Participant: 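Structure provided below as C-alpha cells; questions to follow.
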Amino acid sequence: MQIYWILVLLFLQVEADVTLSTENSFERSAVRTQCIGKLQLNELIGWVFRFQHCEVTRDEDDERCGAICYPVVKPLLRYAALCQGKDASINDLKDEIRKKDVYIAQLESKLEIAKSMETQASKQMEDLKVQLKVNEMLKQMEHLKQQTDAKIKSSYQQLKDKETELHLKAIKILKIEKDFKDREAEIFDKKDQISKMEMQTQSREVQIQSKDKSIRELEDQANSLKQKLKGISEASSCLPFTNSTKIHTISLPGIDPFVVPCNSSVSGSGWTVIQRRVNGLVDFNRNWIDYKLGFGDLRENFFLGLEKIHQMTLLQPHELYIQLQHVNGSTSYARYDDFKIGSEEEDYKLKSLGKYSGTAGDSLNYHLNMKFSTLDRDNDTSEKNNCAKHHEGGWWFSYCAQSFLNGKYYEDGKSGTSGDYGIIWGSWQKYNYEISLTFSQIMIRPKTLKNLYFLMNK
C-alpha cells in the first residue's frame, strides 16, 4: 500500500511536468508553483508512511483512519481539481499560442515579403543607378559624337579646301609646263637669233677693224696735231707714240719715269700694256710688294705694277682692253670704257669699269669694288681660305673669281680640276674652270683720243 501511494504521487508529479512541458518556461513555472503550493514532497512521503501505519492498524476504529487519511487525500484532490482548471487554461494558452504562431508566421511571411521587396527595391535601385550611369554615358557618347562629327566635318572641309588648293596648283603646274614649253620654243628662236647675231657680230668685227684702221689714221693725224700744237716733250702714256709697238718711257706726277710696252696693233694705237702672259717662265704667285712695284719681262710675261696703274688712271680717265687666246688658237676680247683702281691705302680697289663690249663676255664686273689680294695679303670675301694663296696669283678676288689672268700657266690649256684655277675667263669658256688660257694681254688707253675722234667727226 505504501508503494501504491508513492507511485500515485510520482505519477501526479510527472503528469504535471509533462503537461507543463509544452508551454513556455514562464507559464510552466507559474503552474507548478500553484499546483504544489506549500505541499512538499517530503511531507507527502511522511503522510504515506502515516497512511501505511493506518493500513497496519485497519482493525482500529474507522474514524481514526479517516481523520488520518483525509488530510492526506485532500491536498491531492485539490491538486487534481487545480490541475483540471489549469488544463483548460493551458488549452486556452495553447490556442492563444497557436494564434500567436499563426500571427508570427504571417509576420514572418510579411517580413520575408518585405525583405523580398527590399531586395527587389535594392535591385531596382542598382538597376536605376546602372541606368543613370548608362544614360550619363549615352549623353557623353552623344557629346563625343557631336564633337567627332564636328571634327570630321571640319576635317572634311579642310580636305576639300586642300583638294581645291591642289587642283589650283595642278592648274598652275599645267600652266607653268605650258609656259615652259613656250619658253623652250622661245629659246630655240633666241638661239636662231643668236646665231644670226653672231654672224652679224662677225660682220661687225670686220667693220670695226675697218673703223679701227680709220681710227688709227685719225689718231696719227691727232698725234701729229698734238706734236705740232703742244710740242710735247714727255709722254704720260703710249698715246703720243703713234703706231708704236715698242717700249717707251713715260712720266707721271709723283713718281719717277718708267718704261712701258706700247701696242698699236689692236683697235687703234696708243695702248699701254699693263699685263701679259705668253708662257710659264715667270711665276705670278708673288707677294704684295712685287704686285705693287711690278715684275717680269716687259717683252713677254710681266705685270706693270699696281702703283703705276693707279697713278695712270688717277691722272685721266682710261679705257681697258683685254685680249684672250685659247690653246686651240681661238681668240676673244673684252672692252670697258672707264677703268680705274684706287690707291694703296684703298688696297688698289677696282673702283670702276664702265660699259662692257666685246666677244668674251663680262667676267670682270663680278670683281668690281673688290680689293686686290696676294698670297701675303688676304682681301677677298671668302671665309674659308685666301683665294690668292690657294690659286697662286694676285687679283681682285671676291669669292673667289670668275676671271683670273694672273693664275698658274698650263702649257696644255688644262688645269686638271675646277678647284685650282689657271688663267681663266669664265663667261668665254662657259664657266669651265678646268680650261686655262694660254695667252692674255691687258691694255689701257686714255679716253681723250676717243673724245678727239668724235670732235673731229662733227
Side-chain angles (χ1 to χ4, degrees), residues 190-191 193-212 215 263-268 271-279 284 301 303-304 309 313 318-341 350 352-370 387 391 393-410 412-415 418 421-445 447 450:
K190 293 290 184 183
K191 285 183 177 179
Q193 293 178 7
I194 289 170
S195 298
K196 293 177 180 179
M197 290 177 68
E198 286 178 349
M199 294 177 64
Q200 292 176 359
T201 300
Q202 293 176 358
S203 176
R204 292 287 178 85
E205 285 182 353
V206 173
Q207 294 177 3
I208 288 171
Q209 290 177 358
S210 176
K211 293 287 179 115
D212 285 341
I215 290 172
N263 189 298
S264 299
S265 62
V266 179
S267 189
W271 292 102
T272 302
V273 182
I274 62 174
Q275 186 261 22
R276 185 189 297 125
R277 306 294 300 278
V278 295
N279 55 46
F284 274 65
N301 304 280
F303 186 81
L304 185 62
I309 298 170
T313 58
H318 277 68
E319 55 181 333
L320 175 70
Y321 194 100
I322 299 173
Q323 290 179 285
L324 304 170
Q325 183 174 319
H326 191 274
V327 68
N328 62 11
S330 60
T331 61
S332 188
Y333 74 95
R335 190 169 185 172
Y336 299 88
D337 67 358
D338 188 16
F339 173 70
K340 184 178 183 180
I341 67 172
L350 182 57
S352 176
L353 285 172
K355 184 179 178 181
Y356 161 81
S357 61
T359 59
D362 184 5
S363 286
L364 191 57
N365 191 65
Y366 176 78
H367 302 270
L368 184 64
N369 294 317
M370 298 311 301
C387 296
H391 297 293
W395 195 249
W396 294 277
F397 286 108
S398 178
Y399 187 92
C400 282
Q402 289 187 4
S403 64
F404 177 40
L405 302 182
N406 293 330
K408 187 176 180 181
Y409 192 91
Y410 292 92
D412 59 356
K414 295 181 180 180
S415 66
S418 60
Y421 299 154
I423 300 171
I424 63 170
W425 193 270
S427 56
W428 185 34
Q429 300 301 321
K430 298 180 179 179
Y431 301 97
N432 181 358
Y433 296 124
E434 294 183 9
I435 297 174
S436 179
L437 305 178
T438 54
F439 175 81
S440 72
Q441 183 167 262
I442 305 175
M443 301 180 293
I444 60 175
R445 182 174 66 180
K447 294 174 66 175
K450 183 180 290 187

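Small disclaimer: the values here were computed from a predicted structure and weren't measured. Each residue takes its place number in the sequence, starting with 1.
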Participant: N406 and Q275: side-chain contact (heavy atoms from CB on, under 4.5 Å), yes or no, with the steps?
Facilitator: CA-CA 9 Å; N406 293 330; Q275 186 261 22; 2.9 Å; yes
Participant: Using side-chain heavy atoms (C-beta onward) and a distance below 4.5 Å, is I208 in contact with V206?
Facilitator: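 They are not in side-chain contact.
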Participant: Taking only residues two or more places apart in sequence, or in another chain, which ones meet N328 in a side chain to side chain donor-acceptor pair (under 3.5 Å)?
Facilitator: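 For N328, the residues satisfying side chain to side chain donor-acceptor pair (under 3.5 Å) (neighbours in sequence not counted) are H326, S330.
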Participant: If every non-hydrogen atom of S352 is compared with every non-hydrogen atom of D338, which pair is closest and at what distance?
Facilitator: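 S352 and D338 have their closest heavy atoms at OG-O, 2.7 Å.
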Participant: So do the side chains of L324 and W428 get within less than 4.5 Å of each other, counting heavy atoms only?
Facilitator: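 Yes, at least one pair of side-chain atoms sits under 4.5 Å.
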Participant: Please examine the side chains of I435 and K430, heavy atoms only from C-beta on, and report whether any two atoms are closer than 4.5 Å.
Facilitator: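 The answer is no; the side chains never approach within 4.5 Å.
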Participant: If you define the side chain from C-beta out and look only at heavy atoms, does anything of F284 sit under 4.5 Å from N301?
Facilitator: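 Yes, side chains in contact.
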Participant: Whether the S267 and R445 side chains hold a donor-acceptor pair (N or O, under 3.5 Å, no angle test) is what I'd like checked.
Facilitator: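 Side-chain D/A pair, S267 to R445: absent.
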Participant: Dump the intermediate steps for side-chain contact (heavy atoms from CB on, under 4.5 Å) on I423 and F404, then the final yes or no.
Facilitator: CA-CA 6 Å; I423 300 171; F404 177 40; over 6 Å; no
Participant: What is the distance from atom CD1 of I309 to atom CD1 of I442, rounded to the nearest 0.5 Å?
Facilitator: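 It comes to 7.5 Å.
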Participant: Measuring from atom OH of Y410 to atom CD of E434, what distance do you get when rounded to the nearest 0.5 angstrom?
Facilitator: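 Y410 atom OH to E434 atom CD measures 11.0 Å (nearest 0.5 Å).
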Participant: To the nearest 0.5 Å, tell me how far L304 CG sits from I444 CD1.
Facilitator: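 Separation between the atoms: 7.5 Å.
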Participant: Please report the shortest heavy-atom distance between S363 and S427, naming the atom on each side.
Facilitator: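 Result for this residue pair: OG-OG, 2.7 Å.
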Participant: Between side-chain atoms of residues 393-401 and protein atoms elsewhere (two or more places apart, or another chain), which donor-acceptor pairs fall under 3.5 Å?
Facilitator:
from : atom 1 : to   : atom 2 : distance (Å)
W395 : NE1    : S403 : O      : 2.8
W396 : NE1    : Y348 : O      : 2.8

Participant: Less than 4.5 Å apart, side chain to side chain, heavy atoms only: is that true for Q441 and V266?
Facilitator: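 A side-chain contact under 4.5 Å is absent here.
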Participant: Atom CD of E198 and atom NZ of K191: how far apart are they, to the nearest 0.5 Å?
Facilitator: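 Going from CD on E198 over to NZ on K191, the span is 11.5 Å.
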Participant: As an exercise, state the distance from CG of L350 to NE2 of H367, rounded to the nearest 0.5 Å.
Facilitator: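 Here the rounded value is 9.0 Å.
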Participant: Apply the salt bridge (charged side-chain N to carboxylate O under 4.0 Å, His left out) test between E319 and each candidate in K447, K340, R335, K355; give the one that qualifies.
Facilitator: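 Considering K447, K340, R335, K355, a salt bridge (charged side-chain N to carboxylate O under 4.0 Å, His left out) with E319 is found only for R335.
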Participant: Is the shortest heavy-atom distance from the side chain of L353 to the side chain of F339 under 4.5 Å?
Facilitator: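 When only atoms from C-beta onward are counted, F339 and L353 do touch, with a gap below 4.5 Å.
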Participant: If you compare all heavy atoms of H391 against all heavy atoms of Y421, which two are closest, and at what distance to 0.1 Å?
Facilitator: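 Smallest interatomic distance, heavy atoms only, reads ND1-N, 3.1 Å.
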Participant: Which heavy atom in G361 sits nearest to a heavy atom in Y356, and how many Å separate them?
Facilitator: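 So the minimum-distance heavy-atom pair works out to N-OH, 2.7 Å.
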Participant: Looking at every non-hydrogen atom in both residues, tell me the closest pair between Q323 and Y321 and how far apart they are.
Facilitator: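 Heavy atoms of Q323 and Y321 come nearest at CG-CE2, 3.6 Å.
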Participant: Walk me through whether H318 and Y336 qualify under side-chain contact (heavy atoms from CB on, under 4.5 Å).
Facilitator: CA-CA 9 Å; H318 277 68; Y336 299 88; over 6 Å; no
Participant: Are the side chains of T438 and Y409 in contact, using a 4.5 Å heavy-atom criterion?
Facilitator: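 Side-chain contact under 4.5 Å: yes.
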Participant: Tell me the closest heavy-atom pair linking W271 and L320, and the distance in Å.
Facilitator: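 For W271 and L320, the tightest heavy-atom pair comes out as CZ3-C, 4.4 Å.
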Participant: State the CZ-CZ distance between F303 and R276, to the nearest 0.5 angstrom.
Facilitator: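 So the gap between those two atoms works out to 13.5 Å.
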Participant: Can you check whether R277 reaches L405 side chain to side chain, under 4.5 Å on heavy atoms?
Facilitator: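 The answer is no; the side chains never approach within 4.5 Å.
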